[in-house]
Protein chains: 4
Amino acid sequence: MKNLTNRQLQALETKNKLIDAALLVFAKKGYSATTTKDIAREAGVTDGLIYHYFKSKEDLLWAVIDKHTLNHELSKIAADAGTNEPVETILIRMIHSLFDLLHEKAGLIVMFFGESQRNAAVRERLAQLIQQGTQIFYQLLSERMDAQELYLKIAIRNLLTSLVMYFLTDDRYNNDVNQRKEYIKTTVHQFLKMFN
Amino acid sequence: MKNLTNRQLQALETKNKLIDAALLVFAKKGYSATTTKDIAREAGVTDGLIYHYFKSKEDLLWAVIDKHTLNHELSKIAADAGTNEPVETILIRMIHSLFDLLHEKAGLIVMFFGESQRNAAVRERLAQLIQQGTQIFYQLLSERMDAQELYLKIAIRNLLTSLVMYFLTDDRYNNDVNQRKEYIKTTVHQFLKMFN
Amino acid sequence: MKNLTNRQLQALETKNKLIDAALLVFAKKGYSATTTKDIAREAGVTDGLIYHYFKSKEDLLWAVIDKHTLNHELSKIAADAGTNEPVETILIRMIHSLFDLLHEKAGLIVMFFGESQRNAAVRERLAQLIQQGTQIFYQLLSERMDAQELYLKIAIRNLLTSLVMYFLTDDRYNNDVNQRKEYIKTTVHQFLKMFN
Amino acid sequence: MKNLTNRQLQALETKNKLIDAALLVFAKKGYSATTTKDIAREAGVTDGLIYHYFKSKEDLLWAVIDKHTLNHELSKIAADAGTNEPVETILIRMIHSLFDLLHEKAGLIVMFFGESQRNAAVRERLAQLIQQGTQIFYQLLSERMDAQELYLKIAIRNLLTSLVMYFLTDDRYNNDVNQRKEYIKTTVHQFLKMFN
DNA sequence: CATGAATGAGACTTCATTCAT
DNA sequence: GATGAATGAAGTCTCATTCAT
């Protein structure tokens, strides 16, 4: 797009390095408990540099959140759904993709949960994310299942939150692929029985 | 049981005041972001007194956790279940009781979620709580529904985590009783359809 | 002497217990680094009781110092000197007694040295002690040796300070009786050669 | 040796300023009784800066000790001894140099004594210093006096500790040059008589 | 006489932030 | 753009001291 000088490129790279480092440490220790020094060290830069790119520690938190909207990734999961397969197959594949996404973005997810209780703006984003995920699944399922909108949305919402909770409390600690597979299979089966 | 002098009683009261204050502030701001001064002010005592009763801020966190195990409360919900009614009625009443408990212990719940990501020991407790809740519902439902143990437990676990997530992200902010009622009714309905 | 009631007796005992405990802990950790709690615990009483007997921590320090003047003990060493023996024998016996005293009052000695640098009044007491020791040895030796007063006093003073330093830096850590014996014998021998 | 930028030089200077300030205040008040604020004020910097250079107050104590080993200074005193003069002249000159050193390093000496009773590692250093001083004097005197090694070493050790004690308890408070001169002259005279 | 709960000042230390280089 | 020395406010914790019981 733009033609950036070497210096501008390096600046951009450093900024991204800082955002990524911040996400990592925020997720591990929580926003309050991480120090700017932690972030600088994780990013491999010196303390002061953070303030060259961000107004404050809080500003950096927002940069982290802004960089990782998950919008794109969630849409992509839906797009990969395929069309002519049975709903169960589609759902299972989507949920596996969702777990992959959760694992890839574990830091982000964890941070969202950890910070959402004490930071209203973060909470908004979390609610928005759930809403968005519900919508994506809804669009896909509404034409395939015969159910009222609210009924379907509640079911989807409960499905998604169950999945995220399972990820947060089990799956990310015991990375047992078979157990996850079994869990997903059963959960999808139970989900579909709601619409018989 | 024990014969406490007035002074010992008052000391116990102060200690409890500190634990309650700590829970309140931890829940609001998170462990790291709350200062011992916050806690002391909330409890209406001076800063130093915390350290007369607790070795450290962390020690106080543990006292908070130890005081609020929810063991008793969860069991009580199950005991109130009644026997000769239809499962749906029982479940709905139990879940309403659960929401009451969640509201009453909101601070605790929030703290558990907020701290669990960065404190392994707290995470253990949370996992334990989920496990315990699942068990209580399982005992009640296993004799009423015809399903495999694992199948039933996964369903219950997903149900409970959905409920807690709903509480955390919606219910506690918009205290709309009707919306909650509707949500519970639908959710229970969907849950039961899994066993048709 | 006086007829004390049981309660007064107990009070006296407690007060002494506190003074002894204080000396012990002051010697081990130094005045500044010991807490009143340390002292109370060492004495086996509760925190507040110190202030029933002493105005302040500093006041307790003075009580410690006042209780242990060493006046009496030093005089006794001189009195035990014997009369018709050779000077060397007398000196060696006195110095052995001095070492016994140093060991017995190690805590006090150590405290005097530790505190004297930062507390002028303690320093006075220390200078006084050295002066007193010198005088006691002087009285004994002046009639037995042919030397000028100043010459003799300097010799004695150097002898005594050497002995105390030996005690502080060696003897109290390696309680090797033979090594001490050898050291005293040689030191006395060298001391007496000054007067040939 | 190293090429330091201005900034690095200034940093080094600040660090040294802190170490010197610490020595000064530790000597005056003792380690426990001096506050980090005292040190910062003495060094003319703000409180927090101490922790940019040192991990803790204790760490600063060690930096103080490490910076002032006295190794070099003690050796220099021996080197200045001269060769063809009578022992008495040499000794007197050395001891005057030693007193100059003691005065110059009074803070350090005082701190060593004050802290050595409650800090084993400091005590080690003190013992080492005495040992080292003894050795330096021994090398010089062993070829000039006819005496057994142990006999000579005990004499030297007692001489040195006497001198230090004289410095600590008298000389540094009444800075009377004549009195010191007289004391040294007599003490050296007495020392040499041990080898007649 | 004895207890130990309570206070409040102040200790050590951390940390977000600034700024000269 | 990058460094890291420096600041100062604030945090956790300690401790001499008081006082109601």
Side-chain angles (χ1 to χ4, degrees), chain A residues 5-15 32-40 45-60, chain B residues 5-8 10-15 32-40 45-60, chain C residues 5-8 10-11 13-15 32-40 45-60, chain D residues 5-8 10-15 32-40 44-58 60:
Chain A
T5 64
N6 266 356
R7 205 168 187 181
Q8 285 173 315
L9 255 166
Q10 190 186 328
L12 207 64
E13 200 179 326
T14 304
K15 193 171 181 175
S32 293
T34 89
T35 69
T36 51
K37 199 179 215 95
D38 288 337
I39 299 168
V45 301
T46 49
D47 297 21
L49 196 53
I50 291 176
Y51 293 86
H52 191 72
Y53 291 103
F54 306 97
K55 268 211 330 268
S56 65
K57 188 180 156 191
E58 173 105 21
D59 192 38
L60 177 49
Chain B
T5 65
N6 266 356
R7 243 178 134 217
Q8 287 173 313
Q10 194 181 320
L12 207 64
E13 203 178 321
T14 304
K15 192 172 182 176
S32 293
T34 90
T35 69
T36 50
K37 200 179 216 89
D38 288 337
I39 298 168
V45 300
T46 47
D47 298 23
L49 195 55
I50 291 176
Y51 295 88
H52 186 68
Y53 290 104
F54 306 96
K55 270 212 320 272
S56 63
K57 189 181 156 192
E58 171 110 21
D59 193 39
L60 177 50
Chain C
T5 65
N6 266 357
R7 203 166 189 185
Q8 287 173 312
Q10 189 185 331
E13 201 179 328
T14 304
K15 192 170 181 176
S32 292
T34 90
T35 69
T36 51
K37 201 182 214 90
D38 287 337
I39 298 167
V45 302
T46 49
D47 297 22
L49 196 53
I50 290 175
Y51 293 86
H52 191 71
Y53 292 102
F54 306 97
K55 269 211 329 268
S56 64
K57 188 181 157 191
E58 173 105 20
D59 193 39
L60 177 50
Chain D
T5 64
N6 266 357
R7 238 173 139 223
Q8 286 173 312
Q10 195 181 323
L12 207 64
E13 203 178 321
T14 303
K15 193 173 182 178
S32 293
T34 91
T35 69
T36 51
K37 201 179 215 89
D38 289 338
I39 299 168
V45 301
T46 48
D47 298 23
L49 194 55
I50 291 175
Y51 294 87
H52 186 68
Y53 290 103
F54 306 96
K55 274 212 320 275
S56 63
K57 187 182 157 192
E58 170 110 21
L60 178 49

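Lettering of chains follows the sequences in order, A, B, ..., and the numbering in each one begins at 1. The figures that follow rest on heavy atoms only: side chains count, while hydrogens, waters and symmetry mates do not.
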Using the side-chain heavy atoms of [X], tell me which of these nucleotides is nearest: [options].
X	options	result
A/T36	F/dA6, E/dT17, E/dA20	E/dT17
B/Q10	E/dA6, E/dT13, E/dT3	E/dA6
B/A11	E/dT7, F/dA5, E/dA5	E/dA5
B/Y51	F/dT12, E/dT7, E/dT17	F/dT12

Rounded to whole Å, how long is the line connecting atom [atom1] of [X] with atom [atom2] of [N]?
X	N	atom1	atom2	answer
A/F54	E/dT18	CZ	P	15 Å
C/E58	F/dC15	CD	P	18 Å
C/I50	E/dC1	CD1	P	15 Å

> Whom does E/dT14 pair with, Watson-Crick or G-U wobble, provided both distances fall under 3.5 Å?
Replying inline: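 E/dT14 is paired with F/dA9.
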> Considering every strand shown, what is the Watson-Crick or G-U wobble mate of E/dA20 when both distances are under 3.5 Å?
Replying inline: F/dT3
> If every non-hydrogen atom of B/I50 is compared with every non-hydrogen atom of B/T36, which pair is closest and at what distance?
Replying inline: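 B/I50 and B/T36 have their closest heavy atoms at CD1-O, 3.3 Å.
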> For D/T34 and D/K57, which heavy atoms make the closest approach, and how far apart are they?
Replying inline: O-NZ, 2.9 Å
>> Under a 3.5 Å cutoff, is there a donor and acceptor pairing between the side chains of A/S56 and A/D59?
In response: no
For [X], answer base if it contacts any base atom (sugar-phosphate contacts may also be present), sugar-phosphate if it contacts only those atoms, and nothing otherwise; contact means non-hydrogen atoms under 4.0 Å.
X	value
A/T35	sugar-phosphate
C/Y53	sugar-phosphate
A/T5	nothing
B/T34	sugar-phosphate

> Considering heavy-atom distances to DNA chain F, does A/T46 or B/L49 have its closest nucleotide positioned more toward the 5' end?
Replying inline: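 Going by which nucleotide is closer to the 5' end, it is A/T46.
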> Which sits closer to the 5' end of DNA chain F, B/D47 or C/K37, going by the nucleotide each is nearest to?
Replying inline: B/D47
> With a 4.5 Å heavy-atom cut-off, do C/H52 and C/L49 have their side chains touching?
Replying inline: yes
